[in-house]
Amino acid sequence: MGFVTKARHSLGLVGLSPIECAKIATFIESEAEDAGCPWLVLHSDSCDALIVPSDVEFSADPYQVLIRLVRFGNQPIDGELCITTPLSAAELINILKKAQDNLSTRSRSNDVAPMKVKMEDWGAVPANDRHHVPAGFGTPTPHHMTNGSAALKTEAWPVTADGSPHPATQPSAMHAPVQQPHPVAPPQPVTANASHGDAHEFSAAWDQIAVALYSIVQNSAPAVAEIRVENLDMIRIDFRFRAYNSRIPLEQVAANGSRIAIRSTLVEAFRPPIVNLPGESLDKLFWFIGSQAFHGTGAPWLKPEDRYRLRRWPNFTELNHAVADMRAAAAIGNCFLNAAELASAAGISVESATRTLNAYSLMGLLEIQTDKTAAPATFKPPAQKEGGGGLFSKLRTKLGL
Amino acid sequence: MTEQVSAHKDPVVIAFANEVLDGFSDVCRSLRYATFLTDDGFEVASIAGDEKQNRRVASMASSMQALGDAVAKDLRIGGAEYIIIAAETGYVIQMRVPEHAMVLAAHFDAAETVGKALSVVRLAASNMRTLVRDKAA
Amino acid sequence: MAEHVILFAGPMGAGKTTAIESLSEIETIRTEATNTDRETADKDTTTVALDYGEITVSDEDKVRLYGVPGQRRFNFMWTILKERAVGLILLVNNDAADPIEELDAFLEEFGELHEKGGIVVCVTRSDVAPTPYLDKYAERIREVMPGRMIPVFTADARNADQMRTALMSLIANIEMTAMIAGNQERAA
């Protein structure tokens, strides 16, 4: 594995009109990536950076960069980052670079987590360019609502000589967005052993998809989303029904795509579903993405010092799973474990255990134990000798699993 | 063997069963208890025993009949005609009502010979078949 | 030879007989009778004693699969068969009038098998009736059996792969529980 995920910032759009939101989303999708400042756009007030109209009273938190949108006739505010209407891509990209520099400085100085998101309900939402029609431009009826979007760039950062990952990929480097978000994303199923072998094929863009998905799920507000991959595959998600549709099986979705976009929005509960029900279980999608993303390192919202236990087993009959996943589930279903302990108990690698935890957490299956005084759990490794082991091993052999 | 109404819910069949059981007890003093039941374990009619016991015996007899059928099938010896359980103080004989999804289970005390008990059970089952068949006709 | 008796329980029509047929490597022994209780389950026959199938794992191990009748009037068979069982696959059909109540009832009857080994719940016919979702089952299990981790899956009893997943998960859970208990004893 030669790459790790590049750090990314989230951009919150607060109090903007649907057309302004759509323009910004479009600019970012079309140009931010090429300009080297990929952003995750959300309709949230707790992102790393916020764009807020200059005539709206708003106080950002210390970790946030505030960008004021100065509409025609209003005066810029001294000392603040500003963009003016009519919006232009060049001006937006320029201001985002400044914001990125600003955030990088803060991150170095106080080791603050680089990505933070929170979602809030904006009610009626703008239409978007589901069919590559610029959102908000001449689209009279918002037939599909989009509250967040992102142009995700696979920007591979070389690992250091000792193989240590970029700090942003460390669980401790990110605040767990125990908050809420919008945007959605796609991924691929995982399994402790079998599927993990191909995990290095998964592009870093999917990491951000995973983050966005996690944020949306944490929000638990009714939302829908679309994920588009560069080969035009699309995954449509309706969180209200915990279902998704994909034109092709997940396993065939481009795992190593460099251009992957997520758009999401809050919807009223009474709106019709955007997927053909019953659709596929969202757990299947989360399992796929969660276990493939982050290249075997912990998801940014997980803390290595915490231990986790399953709230319920994953529904393995609908997941692309390996036999080892059952042992892993049995282990973490019965006691609180961290990745190393899970690996020991289930007889899998730490990387597989980490991927499993990532997937479970994305699926919302984990309870967290933050008691750092708890004694480390140690396990006698499962019997390895040929023909030995328990009934599980024998039955596995018998059934050819 | 198509019955429009389940035997245990058909008042006519229940009346037939009671009639047969009454005659059954008249010809065999060692009879302690008897019940007609459906193949799937519902009591149709009984003599003696309380309501709870009758239901329970019907269920158990149904299971035993099915187990007997399963054994006979597995051994390829044809259908199980009757089952006898001999115990210290008595025995139980159960027999399918020919052509119908019903079973007669009867408990005799040890004073009776197996041969006679088997004969009267067979007679009762046969009588029941005739009554139900005539009704259907 | 070590025998491992796994019980298949659940309401009438949940798919117990079919599940055993999906798993067994021998022709299953069935004890079916004409079903006269169409109000409870609209099917031609029903199990009145037991179903039996088996998987010979090795010279030393055989997994015996017993299905019990779903109707409570056959609960004497439940008592007899659970004596030897070390695990339970509880099937509940999601299109039942109140599947959560069915879950409750069978956990009350067979919950002790969790202490003897383990339990897995398979929710069948969720293609016909999508709700209640698995979370509801898991939540109810936590309420009635606090502290126990019982896997809950959707399953099609006709699908051998899915039933193998259920069986393997049950055994994995049984062995892992024993291993964790052993470690805790050693630590104590």
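Letters A, B, ... are given to chains in the order of the sequence lines, protein chains preceding strands, and every chain is numbered from 1. Computed from a predicted structure; not experimentally measured. FYI, side chains are in, hydrogens and waters are out, and symmetry mates aren't considered; it's all heavy atoms of this structure.
- Between C:Glu3 and C:Lys62 there is no salt bridge, since no side-chain N of the basic residue sits under 4.0 Å from a carboxylate O of the acidic one.
- Neither the backbone nor the side chain of C:Arg38 comes within contact range of chain B, judged by heavy atoms closer than 4.5 Å.
- In this structure, C:Phe110 and C:Trp78 have tilted ring planes: the angle between them lies in the 30° to 60° band.
- Remark: B:Glu43 does not engage C:Arg73 in a salt bridge, criterion side-chain N to carboxylate O under 4.0 Å.
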Would you please test B:Lys135 and B:Asp10 for salt bridge (charged side-chain N to carboxylate O under 4.0 Å, His left out) and show each step? CA-CA 12 Å; B:Lys135 174 222 172 197; B:Asp10 186 335; 2.7 Å; yes

Do B:Glu112 and B:Arg29 pass the salt bridge (charged side-chain N to carboxylate O under 4.0 Å, His left out) test, and can you show the C-alpha distance, the side-chain angles, and the key distance before you say yes or no? CA-CA 9 Å; B:Glu112 196 60 85; B:Arg29 294 292 171 195; over 6 Å; no

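- Taking a cutoff of 4.0 Å between a charged side-chain nitrogen and a carboxylate oxygen, C:Glu112 and C:Lys82 qualify as a salt bridge.
- Proximity to chain B at a heavy-atom threshold of 4.5 Å picks out C:Thr46, C:Val48, C:Ala49, C:Leu50 from residues 40-53 of chain C, in numerical order.
- The distance from the CG atom of C:Leu107 to the CG atom of C:Leu88 is 8.0 Å, given to the nearest 0.5 Å.
- Aromatic pair B:Tyr33/B:His107: ring centres not closer than 6.0 Å.
- Highest contact tally toward chain C, considering only B:Asp40, B:Asp69, B:Thr38, is held by B:Asp40 [criterion: heavy-atom pairs under 4.5 Å].
- To the nearest 0.5 Å, the span separating CG on C:Asn93 from SG on C:Cys122 amounts to 12.5 Å.
- Contacts between B:Ser62 and chain C at a heavy-atom distance below 4.5 Å involve backbone atoms as well as side-chain atoms.
- Using a 4.5 Å cut-off between non-hydrogen atoms, no part of residues 137-161 of chain C approaches chain B.
- At a 4.5 Å heavy-atom cutoff, the contact between C:Asn75 and chain B is made by side-chain atoms alone.
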Before you tell me yes or no, could you show the steps for C:Ser58 and C:Asp61 under side chain to side chain donor-acceptor pair (under 3.5 Å), namely the whole-Å CA-CA distance, both residues' side-chain angles and the distance that decides it to 0.1 Å? CA-CA 5 Å; C:Ser58 67; C:Asp61 293 278; 3.3 Å; yes

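- With C:Tyr66 contributing its side chain and C:Phe8 its backbone, the two residues share no donor-acceptor pair below 3.5 Å.
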